[in-house]
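Taking it in order: structure first as structure tokens, then the write-up.
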Amino acid sequence: MPITPATAEHSAPNTAAETIMLELVDEDGTTIGTAEKLSAHQAPGRLHRAFSVFLFDEHGRLLIQRRALGKYHSPGVWSNTCCGHPYPGESPFAAAARRTFEELGVSPSLLAEAGTVRYNHPDPASGLVEQEFNHLFVGMVQSPLRPDGTEVEETAFVTHAELMSRHEKDPFSAWFLTVLDAARPAIRELTGPGAGW
């Protein structure tokens with residue numbers, strides 16, 4: 001897991017009670033300040049930096065997770081492999097690798113940038129709003145998963161067809177299809193045409 005000064009600063013033993021701060025950005029993704037995590041998500045939402053990770057196995061199947069039931073935002077819904085927010089001053093790449101390890105207990109064997117996407121997605125269930133400038137990453141996972149039960153309710157590896165079938169029946173995060181579509185060119189490059197992405 002990459003350790004940067006920003007990561008180390010927020011990884012101190014007493015961080016359980018620490019207020020989590022996010023980077024606020026302008027429409028170009030330039031940092032303009034910080035805000036407390038929950039306040040940044042309260043309507044109408046404040047544009048902030050985020051990341052989304054899509055990891056695949058050697059068969060071209062996407063690792064998805066169902067978010068833990070105890071999470072304050074979008075609990076119990078399916079989403080991409082991992083998503084979250086860099087600490088102020090932490091690079092999105094370092095944050096993506098860190099959170100993938102924290103949530104799923106694995107480090108990607110490959111992780112590559114896949115562009116950015118900006119969106120505004122209200123979550124009707126919670127009333128929270130995702131106003132995000134999202135950095136996308138795609139990669140491979142080749143180690144056994146060790147999910148943190150406080151973060152992840154369950155995981156699954158799915159083909160594109162299985163994902164679409166599941167999406168028709170099960171609730172998914174409000175941002176899922178937006179980030180998947182934005183990452184699709186990099187996903188196709190990683191998995192090849194035969195995987196169907």
Side-chain angles (χ1 to χ4, degrees), residues 1-4 6-8 10-11 29 49-68 71 74 76-87 90-119 130 132-168 170-197:
M1 179 175 73
I3 300 295
T4 65
T7 307
H10 294 277
S11 298
R49 194 176 310 283
F51 65 83
S52 289
V53 177
F54 297 85
L55 296 183
F56 294 82
D57 68 8
E58 64 275 12
H59 305 293
R61 298 179 304 171
L62 172 63
L63 172 60
I64 58 175
Q65 66 157 280
R66 190 159 74 91
R67 295 164 60 85
K71 292 182 81 75
S74 302
V77 302
W78 287 94
S79 198
N80 49 293
T81 306
C82 180
C83 51
H85 309 92
Y87 295 129
E90 182 182 30
S91 77
F93 183 91
R98 172 181 57 81
R99 284 302 293 164
T100 300
F101 184 81
E102 289 171 355
E103 290 187 11
L104 297 163
V106 294
S107 295
S109 56
L110 171 72
L111 192 63
E113 294 182 13
T116 59
V117 62
R118 192 262 195 254
Y119 52 78
E130 290 288 8
E132 293 189 329
F133 189 94
N134 197 308
H135 297 257
L136 308 170
F137 298 92
V138 300
M140 302 285 295
V141 61
Q142 296 175 311
S143 304
L145 303 177
R146 298 185 317 275
D148 177 348
T150 64
E151 298 284 349
V152 179
E153 191 71 20
E154 63 181 304
T155 62
F157 283 95
V158 294
T159 65
H160 183 264
E162 290 167 343
L163 177 68
M164 293 299 101
S165 174
R166 186 183 293 251
H167 191 267
E168 291 174 4
D170 295 329
F172 272 70
S173 64
W175 61 87
F176 177 73
L177 287 181
T178 299
V179 293
L180 176 64
D181 286 344
R184 207 176 292 273
I187 290 171
R188 287 179 179 144
E189 187 174 330
L190 176 72
T191 60
W197 294 98

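For reference, positions follow the sequence shown, starting with 1. Since we're looking at a predicted model, the values are computed, not measured.
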Minimum heavy-atom distance Ala186-Ala114, with the two atoms named:
CB-CB, 3.4 Å

Could you check if a side-chain atom of Leu111 sits within less than 4.5 angstrom of a side-chain atom of Leu55, using non-hydrogen atoms only?
yes

Kindly write out the residues that satisfy ring-ring contact (aromatic ring centres under 6.0 Å, His included) with Tyr119, not counting sequence neighbours, or none if the list is empty.
His121

If you round to the nearest 0.5 Å, how far is CG of Asp148 from CD of Gln65?
10.0 Å

Backbone of Gly84 reached by a side-chain donor or acceptor of Arg99 within 3.5 Å:
no

Thr159 meets the side chain to side chain contact (heavy atoms under 4.5 Å, CB included) criterion, sequence neighbours left out, with Arg61, Ala161, Glu162

Sequence neighbours left out, what passes ring-ring contact (aromatic ring centres under 6.0 Å, His included) with His85? Give chain and number order.
His41, His48

Going through the distances and angles, do Leu180 and Asn80 end up as a side-chain contact (heavy atoms from CB on, under 4.5 Å)?
CA-CA 8 Å; Leu180 176 64; Asn80 49 293; over 6 Å; no

Heavy-atom closest contact (Ile64 atom, Ser79 atom, distance)
CB-O, 3.2 Å

Ser52 and its side-chain hydrogen bond (donor to acceptor under 3.5 Å, both in side chains) partner, picked from Thr81, Thr178, Asn134:
Asn134

Please report the interatomic distance OG1(Thr116) to CZ(Arg49), rounded to the nearest 0.5 Å.
9.5 Å

If you round to the nearest 0.5 Å, how far is CG of Leu136 from SG of Cys83?
11.0 Å

Tightest non-hydrogen contact, residues Val106 and Ser143, listed as CG1-O, 3.8 Å

Is any side-chain heavy atom of Leu63 closer than 4.5 Å to a side-chain heavy atom of Phe157?
yes

Taking all heavy atoms of Thr150 and all of Ala68, pick out the closest pair and write down the distance.
O-CB, 3.4 Å

Give a yes or no on this: more than 12 heavy atoms of other residues, nucleotides or ligands lie within 6.0 Å of atom CD of Glu154.
yes

Set of ring-ring contact (aromatic ring centres under 6.0 Å, His included) partners for Phe54, sequence neighbours left out
none

Of all heavy-atom pairs linking Met140 and Asp57, the shortest is CE-O, 3.6 Å

From Thr191 OG1 over to His59 NE2, what is the distance, rounded to the nearest 0.5 angstrom?
13.5 Å

Quick one: list whatever passes salt bridge (charged side-chain N to carboxylate O under 4.0 Å, His left out) with Glu153, sequence neighbours left out.
none

Should Leu190 and Leu110 be marked as a side-chain contact (heavy atoms from CB on, under 4.5 Å) after you check the CA-CA gap, both sets of side-chain angles, and the distance that decides it?
CA-CA 10 Å; Leu190 176 72; Leu110 171 72; 3.6 Å; yes

Between Glu130 and Trp175, the two heavy atoms sitting closest are OE2-CZ3, 3.7 Å

Between the CG atom in Leu163 and the CH2 atom in Trp78, the distance rounded to the nearest 0.5 Å is 10.5 Å

Let me see the working for Arg146 and Phe101 under side-chain contact (heavy atoms from CB on, under 4.5 Å), right down to the final yes or no.
CA-CA 9 Å; Arg146 298 185 317 275; Phe101 184 81; 4.1 Å; yes

Measure the spacing between NE2 of His167 and CG of Leu177 and express it to the nearest 0.5 Å.
4.0 Å

Can you find a heavy atom in the side chain of Phe176 that is under 4.5 Å from one in the side chain of Val77?
no

Return the set of residues passing ring-ring contact (aromatic ring centres under 6.0 Å, His included) with Phe137 (not counting sequence neighbours), or none when no residue passes.
Phe93

Where the side chain of Arg118 meets the backbone of Phe133, is there a donor-acceptor pair that is under 3.5 Å apart?
no

